[in-house]
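Read through the structure below, which is laid out as structure tokens, and then see the notes.
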Amino acid sequence: MLIDGKALAAKMREEIKSGVAKFKNSRGRSVGLAVVLVGENPASQVYVRNKIKACEETGIKSFAYYLPESVSQAQLEEQITELSGDNNIDGILVQLPLPAHIDAKKALELIPVQKDVDGFSESNAGKLCMGEDCLVACTPNGVMAMLKEYGINPNGKRAVVVGRSNIVGKPMAMLLLNADATVTVCHSKTRNLKEECRNADILVAAIGKPKFITADMVKDGAVVVDVGMNRDENGKLCGDVDFNGVKDKCSFITPVPGGVGPMTITMLMYNTLQAALRR
């Protein structure tokens, strides 16, 4: 069965829109999200445009700041510090990647934990690890929302996450662990990767390699979540999973596009509303 991320994202955006309207009525101001883009990376520009569009759809007020590629560390940090103190802004997002001369970690650390709507800060990551309430990284949080929508309970299941990035792999593993799954995290150094994947009731692919997960790596009836966003040899969008090879073997699968992708920006809107309500 296909897990339709696009449909769930549309449904959730309507709920977020309603929550934002209630917030505005009770607080007398809009929920605010600031997006900072440094340089002219084409992919980053598309992502920022999509985020601003999602803000418009949900009633969130967006504040976009476009800084030149040549911006200094001090100038970027000054911008982030200014936004941190602005009471009309509930969430701050600095679009990655940043230019090579910028110390991204140092800059991102200036975002207050309560405005860290990407969920990347050490504080939010630590709280997630400890099972405490926090702002969670958008993509893995979106995956959990999809599992819930389709009645897939990780409790007692064997979950395998292929990929260990701080943005997807690690928080994904923590969320599944917190949902009482038995979790294995695999990566480029994993031995017998095929065997590990074949043991999974829930298999999450987040490695950035086109069509890497093939049918012989998937257990019959498994739930397969494809977080990948790649281009194949023909330039066509594809995931980390060989969709055509795997789809008839599993019980549920997310397509690319139309699966996890639409949920990521939706969860950013969700996090921004949550940040506003918590403040």
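Given the structure is predicted, the values throughout are model-derived calculations rather than measurements.
Surrounding CD of Glu132 are more than 12 heavy atoms belonging to other residues, nucleotides or ligands, all under 6.0 Å away. Heavy-atom contacts from other residues, nucleotides or ligands closer than 6.0 Å to NZ of Lys61 number 12 or fewer. More than 12 heavy atoms of other residues, nucleotides or ligands lie within 6.0 Å of CD in Gln45, so this atom counts as buried by the packing criterion. At most 12 heavy atoms of other shown residues, nucleotides or ligands fall within 6.0 angstrom of atom OH in Tyr47.
Scanning all heavy atoms of the two residues, the minimum distance from Arg279 to Ile89 falls at NH1-O, 3.3 Å. Smallest separation of non-hydrogen atoms from Ser62 and Ile52: OG-CG2, 3.7 Å. The minimum heavy-atom distance between Pro171 and Ser165, with the atom names listed, is CD-O, 3.7 Å. Here the closest non-hydrogen pair linking Asp226 and Val241 is OD2-N, 3.0 Å. Considering every non-hydrogen atom in both Cys250 and Val224, the closest pair reads CB-CG2, 3.9 Å. Nearest heavy atom pair, residue Gln114 against residue Leu135, reads O-CD1, 3.9 Å.
Applying the side-chain contact (heavy atoms from CB on, under 4.5 Å) test to Ile102 and every residue at least two apart in sequence or in another chain returns Val71, Gln73, Leu76, Leu98, Pro99.
Side-chain contact between Arg278 and Asp133: present, with at least one pair of heavy atoms (C-beta onward) separated by less than 4.5 Å. Two residues are said to be in side-chain contact when any heavy atoms from C-beta on lie closer than 4.5 Å; Pro154 and Met144 meet this criterion. Ile3 has its side chain out of reach of Leu8: every pair of non-hydrogen atoms, C-beta onward, lies at least 4.5 Å apart. Ser44 is listed as a side-chain neighbour of Pro97, based on a closest heavy-atom distance under 4.5 Å. In this structure, Thr58 and Leu273 have side chains that are not in contact, with every pair of non-hydrogen atoms separated by 4.5 Å or more. Residues Arg164 and Ser188 are in side-chain contact: their nearest non-hydrogen atoms beyond the backbone lie under 4.5 Å apart. Side-chain contact check for Ile92 versus Pro112: some heavy-atom pair is nearer than 4.5 Å. Met12 has its side chain within reach of Glu15: a pair of non-hydrogen atoms, C-beta onward, lies under 4.5 Å apart.
Note that the CD1 atom of Ile80 and the CD atom of Gln75 stand 12.5 Å from one another [nearest 0.5 Å]. Separating the CD atom in Glu196 from the OG1 atom in Thr190 is a distance of 7.0 Å, to the nearest 0.5 Å. With values rounded to the nearest 0.5 angstrom, Ile207 atom CD1 is found 12.0 Å from His187 atom NE2. With values rounded to the nearest 0.5 angstrom, Asp86 atom CG is found 6.5 Å from Phe63 atom CZ. For the atom pair Ile16 CD1 and Lys11 NZ, the distance stands at 12.0 Å (nearest 0.5 Å). Taken from CE in Met1 to OH in Tyr150, the straight-line distance is 5.5 Å, to the nearest 0.5 Å.
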request  = Please assess Phe243 against Ile253 for the test side-chain contact (heavy atoms from CB on, under 4.5 Å), listing each intermediate value before the final yes or no.
outcome  = CA-CA 8 Å; Phe243 181 83; Ile253 188 168; 3.7 Å; yes
Worked verdict on Asn230 versus Phe212 for side-chain contact (heavy atoms from CB on, under 4.5 Å) = CA-CA 11 Å; Asn230 314 294; Phe212 181 81; over 6 Å; no
query = Is there a side-chain contact (heavy atoms from CB on, under 4.5 Å) between Met269 and Lys17 once you walk through the steps?
reply = CA-CA 9 Å; Met269 301 300 109; Lys17 187 177 180 179; over 6 Å; no
query = When you look at Met229 and Leu237, which way does the side-chain contact (heavy atoms from CB on, under 4.5 Å) test go after all the steps?
reply = CA-CA 7 Å; Met229 193 68 77; Leu237 207 60; 3.8 Å; yes
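Under a hydrophobic clustering in which Ile, Leu, Val, Met, Phe, Trp and Tyr are joined whenever their side-chain heavy atoms come within less than 4.5 Å, directly or via other members, Ile213 and Leu176 fall into different clusters. Under the 4.5 Å side-chain contact rule for hydrophobic residues, Val204 and Val162 do not share a cluster. Leu193 and Val185 fall into different hydrophobic clusters, where Ile, Leu, Val, Met, Phe, Trp and Tyr residues are linked whenever their side-chain heavy atoms come under 4.5 Å apart, directly or through other members. A continuous path of hydrophobic side-chain contacts links Leu277 to Tyr270 [ILVMFWY only; heavy atoms under 4.5 Å]. Clustering ILVMFWY residues whenever any of their side-chain heavy atoms sit less than 4.5 angstrom apart, transitively, puts Ile167 in the very cluster that holds Val143.
With respect to Asp90 and Arg27, no salt bridge is recorded, no charged nitrogen being found less than 4.0 Å from a carboxylate O. The pair Glu195-Arg198 meets the salt-bridge criterion, since a charged nitrogen lies less than 4.0 angstrom from a carboxylate oxygen.
Remark: the backbone N or O of Asn155 is not paired with any side-chain donor or acceptor of Asp180 at under 3.5 angstrom. Proximity of a side-chain donor or acceptor of Asn271 to a complementary backbone N or O of Cys138 within less than 3.5 Å is not detected. Lys51 places no side-chain N or O within donor-acceptor distance of the main-chain N or O of Leu268, the cut-off being under 3.5 Å. With Asp232 contributing its side chain and Cys238 its backbone, the two residues share no donor-acceptor pair below 3.5 Å. A donor-acceptor contact shorter than 3.5 Å links the side chain of Asp116 to the backbone of Ser121. Side chain of Asp240 to backbone of Lys211: no donor-acceptor contact under 3.5 angstrom is found.
No option in Ile202, Leu203, Asn199 other than Asn199 meets the side chain to side chain contact (heavy atoms under 4.5 Å, CB included) test with Arg158. Partner Val246 forms a side chain to side chain contact (heavy atoms under 4.5 Å, CB included) with one of Asp216, Val218, Thr214 and no other, that one being Val218.
Residues in residues 247-268 take part in these side chain to side chain donor-acceptor pair (under 3.5 Å) pairs, two or more places apart or across chains: Arg13-Thr266, Thr139-Thr264.
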